[in-house]
Every structure is written in structure tokens, then in C-alpha cells.
Amino acid sequence: MDLGLGGKTALITGSSRGIGRAIALCLAREGANVIICGRKYDKLLALEEKIISEHNVIVGSYKVDATIPESIEEMFINVKRDIGHIDILVNNIGDIEKFGNFFDLDDNDWINAYNLTFMSMVRFSKKTMPWLKKSSQASIINICSLVAHQPGRYNHHYVAAKAAMLAVSKQMANDLGPMGIRVNVICPSTLKDGGWARNVKDRANRDNISYTEAERVIENEAKAKSPLDKIGTADHVAALVAVLASDISGFSTGHCYNVDGGITRSIL
Ligand SMILES: NC(=O)c1ccc[n+]([C@@H]2O[C@H](COP(=O)([O-])OP(=O)(O)OC[C@H]3O[C@@H](n4cnc5c(N)ncnc54)[C@H](OP(=O)(O)O)[C@@H]3O)[C@@H](O)[C@H]2O)c1
């Protein structure tokens with residue numbers, strides 16, 4: 001099926017590796033021009049080279065630190081000069097920079113999580129808005145997490161930032177719908193990709209077990225929770241981003257889509 005993304009331009013935040021990289025590759029495969037960004041410019045250039053060698057699309061690579069508003073300002077000056085148009089924004093940046101339970105986290109951990117995982121979405125959305133308003137196929141897709149609506153026992157700061165993203169995405173859909181801009185959220189469960197190694201290391205430390213043992217435990221736990229007996233990958237998320245960015249999803253906005261192998265307990 002042609003998703004009609006050919007010639008559209010997508011900005012994917014945090015696309016040097018993990019889920020963001022998979023999304024950039026998937027959208028480029030569908031014919032979209034891609035704007036990729038992150039702090040590690042060498043990784044972005046390697047991805048740019050790969051995309052250009054495989055697909056006939058335009059790629060713009062930009063070094064940015066999403067926790068610093070001035071860095072985002074500078075990036076957008078360069079995007080305006082080089083590309084000058086955006087139809088699709090995928091807010092993917094987010095991380096558990098420090099793992100812990102409620103009592104392990106200090107004020108700075110909460111503030112840093114909010115700044116990286118929530119405020120990056122706000123900042124990129126505001127900067128992209130003038131272009132989205134002009135696009136005939138404008139869409140924002142926020143990469144959230146299953147823990148935003150089904151929290152576990154750890155990483156309360158990250159859960160709070162993702163829950164804020166989920167709620168504000170709904171408000172954005174209400175606000176921006178009349179301008180023709182759709183806003184949707186994807187909530188992945190733990191994937192065997194992206195931040196996987198950091199999840200495994202945290203579990204190994206917490207349970208005082210080896211990396212290999214922790215990897216086995218997390219994978220088995222994730223599979224046991226899923227009716228499909230599977231653990232997901234970044235490509236599962238990327239495929240849904242392409243569908244949501246496409247006009248075939250033109251009547252879908254303000255929704256949260258789980259990529260979780262059926263782990264979510266509610267039927268909504
Ligand atoms: N992996 C999972 O299991 C999972 C599950 C649910 C939700 N998620 C969410 O999915 C998103 C992507 O996760 P991932 O696992 O793919 O993470 P990842 O592999 O750690 O990739 C994160 C990306 O964000 C960029 N980034 C991080 N901090 C940044 C900053 N301050 N400024 C600019 N770029 C920054 C990184 O690039 P640089 O290092 O080059 O800056 C990288 O490209 C996150 O929002 C995460 O919360 C992931």
C-alpha cells in the first residue's frame with residue numbers, strides 16, 4: 001500500500017540510534033525526506049549516508065541538545081535555511097537518565113526528566129508549528145511509553161514526564177485539530193532495542209545478577225505478560241508511525257496507540 005508519504009518532510013527527534021533511527025529509516029523507505037537530530041553528529045552522518053545510499057530522499061542532519069532551548073533555536077535556524085518545510089514531527093527524545101524508586105530520586109532527577117522527556121516535546125512542537133500550519137498533511141506523533149498509563153514500581157520521574165506528555169498530547173490534538181494538524185501518541189512497552197542495554201544493566205545492578213542473566217529475566221518477564229509471548233522491537237513502533245503520519249489515518253487524532261504485544265490490561 002502506498003502511504004502517500006513521498007515528498008513529505010518528517011523531523012524525527014533523537015534519531016541517531018534506537019527507535020528514532022528506525023523511524024527515520026522507515027519514513028525514508030516510504031519516500032519521505034527526513035530531518036534527523038541528536039547530540040552525536042558522527043552517528044547522524046552515518047545514518048544520513050545510509051539513507052541517501054538506499055533511498056531517493058533528502059536528509060538533513062543536525063546536532064542539537066534538546067535540554068538547551070538555545071541549541072534548538074540554532075538548529076531551527078539551520079533547518080529553515082536548508083530545508084524550509086516540515087509536514088510530520090515525531091517527538092521521540094526521552095530517557096531514564098537515572099534509574100530508581102521514589103526514595104532514590106532527588107529534586108534534580110525529577111526536574112531533569114521533565115526537561116528532557118517532556119519539555120523537548122513542547123519545544124520541538126512549538127518550533128515546528130509555523131510549518132505544520134502550512135502543510136496539507138500535518139501530523140505530530142509523540143513517542144510516549146506504556147508506563148504513562150500503566151505505571152510499574154520504578155522510575156517515577158520518567159513516568160511523570162511521560163504521563164504529562166500523554167495528557168498534553170490530547171490537549172494539543174484539541175487545539176490543533178481546527179488547523180488541520182493531527183496529534184497522536186504511541187506507547188511502547190519495553191522493547192529489545194534502543195535503551196535495552198541500559199534497562200538490562202539497571203536490572204543486573206538491582207537484582208545483583210549478571211548482564212546475561214538480567215537480559216534473560218527481562219525478556220522472559222516481558223514475553224510472559226504478552227498474549228503473543230513476544231517482545232517488541234523499534235521496527236514495530238516505526239511501522240505504526242508511518243501509518244499514523246499517512247493521510248490514510250486522516251480521521252485519527254487525539255489517540256494513544258499501544259505497541260505492547262497486548263500487555264495493556266484495559267480494552268481501550
Ligand atoms: N526502548 C524502549 O524499550 C522504550 C519503551 C517505551 C518508550 N520508549 C521511548 O522511546 C523513545 C526512544 O527510546 P530509545 O530506547 O530508542 O532510546 P535511545 O536508544 O537511548 O535513543 C535516544 C535518542 O535520543 C537522543 N537524545 C537523547 N538525549 C538527547 C538530548 N539531550 N538532546 C538531543 N537528543 C538526545 C539520542 O541521541 P544522542 O545520544 O546522539 O543525543 C538518541 O538518538 C524515548 O522517548 C523512550 O522514552 C522506549
Side-chain angles (χ1 to χ4, degrees), residues 11-26 34-48 61-76 90-99 112-121 123-124 127 141-152 154-155 157-166 169 185-203 215 218-219 221-222 225-226 230-238 240-241 256-261 263-264:
L11 163 57
I12 305 106
T13 73
S15 27
S16 59
R17 56 188 151 90
I19 297 172
R21 183 178 187 275
I23 294 168
L25 283 165
C26 178
V34 290
I35 300 169
I36 55 178
C37 64
R39 290 163 304 178
K40 298 191 185 85
Y41 197 54
D42 54 334
K43 291 202 171 180
L44 294 169
L45 287 184
L47 178 58
E48 174 175 332
S61 303
Y62 299 92
K63 184 177 160 124
V64 68
D65 187 333
T67 62
I68 304 172
E70 295 76 18
S71 177
I72 298 178
E73 286 290 333
E74 192 184 328
M75 172 182 156
F76 273 84
V90 184
N91 284 305
N92 169 69
I93 289 173
D95 194 9
I96 307 169
E97 292 182 294
K98 175 176 160 187
F99 287 80
N112 291 343
Y114 191 76
N115 192 24
L116 177 69
T117 297
F118 177 72
M119 284 310 297
S120 63
M121 182 279 285
R123 292 178 184 129
F124 275 94
K127 291 303 296 179
I141 296 152
N142 291 331
I143 308 301
C144 193
S145 170
L146 189 62
V147 297
H149 60 83
Q150 189 169 289
Y154 294 98
N155 308 319
H157 54 338
Y158 173 77
V159 169
K162 288 295 193 187
M165 175 192 259
L166 186 58
S169 298
V185 178
I186 295 181
C187 287
S189 56
T190 298
L191 306 172
K192 198 169 181 183
D193 252 324
W196 173 253
R198 292 194 301 282
N199 286 337
V200 173
K201 275 183 205 150
D202 167 62
R203 187 58 180 266
E215 191 161 42
I218 299 185
E219 187 160 350
E221 279 177 1
K225 283 189 235 164
S226 161
K230 262 183 166 175
I231 187 159
T233 66
D235 287 337
H236 290 119
V237 177
L240 184 55
V241 168
C256 163
Y257 299 86
N258 300 315
V259 176
D260 68 346
I263 289 176
T264 300

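Every number for a ligand or one of its atoms is a count from 1 in the order of the listing.
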Top protein contact for [atom], by heavy-atom distance:
atom                    : value
atom 27 (C) of ligand 1 : R39 NH2, 3.4 Å
atom 37 (O) of ligand 1 : S16 OG, 2.9 Å
atom 11 (C) of ligand 1 : N92 O, 3.1 Å
atom 1 (N) of ligand 1  : D193 O, 3.5 Å
atom 15 (O) of ligand 1 : G195 N, 2.7 Å
atom 39 (O) of ligand 1 : R17 NH2, 2.6 Å
atom 7 (C) of ligand 1  : C144 O, 3.1 Å
atom 16 (O) of ligand 1 : I19 N, 2.8 Å

Polar atom proximity, [X] to ligand 1 (N or O, under 3.5 Å):
X    : answer
D65  : yes
G14  : yes
T190 : no
G20  : no
R198 : yes
G38  : no
K162 : yes
A66  : yes

Can you name the closest pair of heavy atoms from [X] and [Y] and give their distance?
X    : Y    : result
A161 : A113 : CB-O, 3.7 Å
G38  : L44  : N-CD1, 3.6 Å
E219 : W196 : N-CH2, 4.0 Å
D193 : A234 : OD2-N, 2.8 Å
G14  : I93  : N-CG1, 3.3 Å

Going by the atom numbers of ligand 1, which of them fall below 4.0 Å from some non-hydrogen atom of [X]?
X    : answer
Y158 : 7 (C), 8 (N), 9 (C), 46 (C), 47 (O)
L191 : 2 (C), 3 (O)
G18  : 16 (O), 19 (O)
G194 : 14 (P), 15 (O), 16 (O), 19 (O)
G94  : 44 (C), 45 (O), 46 (C), 47 (O)

Would you say [X] touches ligand 1, if touching means a heavy atom closer than 4.0 Å?
X    : answer
K43  : no
W196 : no
S189 : yes

Problem set entry | Expected output: side-chain T117 to main-chain D95 donor-acceptor under 3.5 Å |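 Between the backbone of D95 and the side chain of T117 there is a qualifying donor-acceptor contact (under 3.5 Å).
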Problem set entry | CG-CG distance between N92 and N142, expressed to the nearest 0.5 angstrom |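 Separation between the atoms: 10.0 Å.
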For this session: Report the distance from atom CE of M165 to atom OG of S120, rounding to the nearest 0.5 Å.
Result: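 These two atoms lie 6.0 Å from each other.
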Exercise. Using a heavy-atom cut-off of under 4.0 Å, does the side chain or the backbone of S120 touch ligand 1, or both, or neither?
Worked result: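 Within the 4.0 Å criterion, S120 makes no contact with ligand 1.
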Exercise. Looking only at side chains, do N115 and R123 share a donor and an acceptor under 3.5 Å apart?
Worked result: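 Side-chain D/A pair, N115 to R123: present.
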Could you tell me whether the side chain of [Y] reaches within less than 4.5 Å of the side chain of [X], counting heavy atoms only?
X    : Y    : answer
M75  : I35  : yes
C256 : L166 : yes
K43  : R21  : no

Exercise. Has K98 got more than 12 heavy atoms of other residues, nucleotides or ligands less than 6.0 Å from its NZ?
Worked result: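 More than 12 heavy atoms, drawn from other residues, nucleotides or ligands, come within 6.0 Å of this atom.
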Exercise. Under 6.0 Å from the CD atom of Q150, do we count more than 12 heavy atoms belonging to anything else shown?
Worked result: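 Yes, enclosed.
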